[in-house]
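Values below: all heavy atoms of this structure, side chains included; hydrogens, waters and symmetry mates excluded. Numbers restart at 1 for each chain; the letters A, B, ... are given by sequence-line order, proteins then strands.
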Number of protein chains: 2
Amino acid sequence: MSLHLACDNCDLAPLCLAGELSQDNIKELDKFMTCRRPLEKGEHLFRQGEEFTNIYAIRSGTVQSYLHTDKKAEQITGFHLPGELLGLNAIAGGKHLSNCKTLERCSVCEISFEAFAELGEKIPALQQQLLLIMSKEMAHSYQFIHFFGKRSAKSRLVIFLLNLSTRFKLRGFSARQFNLGMRRMDIANYIGLNPETITRLFADLQQQGLLELHKRQLHLHDITALEKIANS
Amino acid sequence: MSLHLACDNCDLAPLCLAGELSQDNIKELDKFMTCRRPLEKGEHLFRQGEEFTNIYAIRSGTVQSYLHTDKKAEQITGFHLPGELLGLNAIAGGKHLSNCKTLERCSVCEISFEAFAELGEKIPALQQQLLLIMSKEMAHSYQFIHFFGKRSAKSRLVIFLLNLSTRFKLRGFSARQFNLGMRRMDIANYIGLNPETITRLFADLQQQGLLELHKRQLHLHDITALEKIANS
DNA sequence: CGGTGACTTGAATCCGCTCAACTGCGGTGG
DNA sequence: CCACCGCAGTTGAGCGGATTCAAGTCACCG
């Protein structure tokens, strides 16, 4: 069963696979694009080691990717917002490198990579768009390396928050006010700190009046001041 | 002036753009591939902010990429070995995101991205190969995030060394014995530590008999023990 | 209600940093 | 050839930021 949710009526298409494609080409793409029932909170799109067959695109909701490491420890490797593609790093190896699960109820579109590759031969602009997206994601990892280089805990947290902020803004949501879908300990895990440290840092920032946090609802008050902290 | 160095007589072709291409297709690719005079130590392939026009492939030698950050500080973002492509993360933005300079005398091949894209429309396998390489690089960044998550200084250094080791091996060099082309402080910068810490850690590891280091010549004695440290 | 999991708070500890002095080496020029 | 310089690397002492461990609060859900 697939819902009638097509790329040509999706607000996120410009950020996503459809990109700058012509209406005709988008229609062509839509023939292979499917959108299953929404996933409930905590469901997996795919798991580490599974065969790579589809490209996934988030239509709504937040998704988390993570690795199993030895012991029972998990390493969180990313949080993904609507319009982002998932699983692309598995093209080379043919197997998914990470687990991917929803942090809330999510709509997810998918397309068989095989079908996509065939279609790409007919529509060069589509290939080009995938290239663009992958390049963008590489650029993003780049930032990440930069930001995990020797930085204070406060810098790390603030960079993380500002990164989320700009990504929300790009998608038409508020850059100043949004919901962190994830737990403190997941943030901590992701940016290489301890949950307790995250708590203390939020308390600090709140006391300085730079932001407010109630439960997971975040309000950034002074973005320029936060940017200063990010580059300290 | 361009030297007569073609993909079809290059040992690294399978790792590089040529990949699994047929001989005919490689000949086609070679028409657009050029290989200038070797670059001397310290020369730049490109600089941050410059327009992205070419894809570069390292034929021999080691290359370092780095960012200028505010103040005079630099952040090193990668060390690149023969067979690796440079500048791909600039496809999306059209401008290079990082500086790229040689750590020693290097041969570098290049191809105009425009020419490549055109050729890719004629030879789908070539497009596919670029996709593969980019996916592989994304997978690599993935490792990186994993490895910059909360880890001890010793883990970080060892992971860095083992990563170099496997990459050398993949290229037909020894996995146990190779030359670190970079300074201690560059390693430190890259993995988010201090030069002094790097020194101390090397001293430790050497005392434990796990490796030997003279100047920049490294000899890994007990790789399985090192792997244990990497996952601690 | 009790119970669980997320989050907070406090005190003690430790890892890696900072700063400063020192060694060793390669290059340059007298 | 040696004296000098500058940079890479090493070593030591003290400091501080983030972790660890442990106890306590809070909200949610059975």
So, taking the atom named CG in Leu17(B) and the one named SG in Cys109(B), what distance separates them when rounded to the nearest 0.5 Å?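 It comes to 9.5 Å.
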NE2-CZ distance between His44(A) and Arg47(A), expressed to the nearest 0.5 angstrom: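 Between His44(A) NE2 and Arg47(A) CZ, I get 4.0 Å after rounding to 0.5 Å.
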With no hydrogens and no angle check, just 3.5 Å: does a side-chain donor-acceptor pair link [X] and [Y]?
{"X": "Asn163(B)", "Y": "Ser165(B)", "result": "no"}
{"X": "His80(B)", "Y": "Gln64(B)", "result": "no"}
{"X": "Ser98(B)", "Y": "Thr77(B)", "result": "no"}
{"X": "Lys150(A)", "Y": "Asn194(B)", "result": "yes"}

In whole angstrom, what separates [X]'s [atom1] from [N]'s [atom2]?
{"X": "Gln217(A)", "N": "dA6(C)", "atom1": "CD", "atom2": "P", "value": "19 Å"}
{"X": "Arg183(B)", "N": "dG6(D)", "atom1": "CZ", "atom2": "P", "value": "17 Å"}
{"X": "Asp186(B)", "N": "dC7(D)", "atom1": "CG", "atom2": "P", "value": "14 Å"}
{"X": "His214(B)", "N": "dG9(D)", "atom1": "NE2", "atom2": "C1'", "value": "14 Å"}
{"X": "Gln206(B)", "N": "dT11(D)", "atom1": "CD", "atom2": "P", "value": "10 Å"}
{"X": "Leu218(B)", "N": "dG9(D)", "atom1": "CG", "atom2": "C1'", "value": "16 Å"}
{"X": "Met185(B)", "N": "dC7(D)", "atom1": "CE", "atom2": "C1'", "value": "10 Å"}
{"X": "Phe202(A)", "N": "dA6(C)", "atom1": "CZ", "atom2": "C1'", "value": "14 Å"}

Does a side-chain N or O of Arg184(B) approach OP1 or OP2 of dA8(D) to a distance below 4.0 Å, or not?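 For Arg184(B), the contact criterion (side-chain N or O under 4.0 Å from OP1 or OP2 of dA8(D)) is not met.
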Pull out every protein N or O sitting under 3.5 Å from an N or O of nucleotides 22-24 of chain C, one pair per line with the distance.
none

What one-letter contact string describes nucleotides 17-30 of chain D from 5' to 3', where B marks a base within less than 4.0 Å of any protein heavy atom, S marks contact via sugar-phosphate atoms alone, and - marks no contact? -SBBBB----S---
Criterion ring-ring contact (aromatic ring centres under 6.0 Å, His included) against Phe178(B), the qualifying member of Phe168(B), Phe173(B), Phe79(B):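 Testing Phe178(B) for a ring-ring contact (aromatic ring centres under 6.0 Å, His included) against Phe168(B), Phe173(B), Phe79(B) leaves exactly one candidate, Phe168(B).
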Are Arg37(B) and Glu43(B) ion-paired here, with the side-chain N under 4.0 Å from a carboxylate O?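 Yes, charged N to carboxylate O under 4.0 Å.
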Any carboxylate oxygen within less than 4.0 angstrom of a Lys/Arg side-chain nitrogen, looking at Glu84(A) and Arg167(A)?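 Yes, this pair counts.
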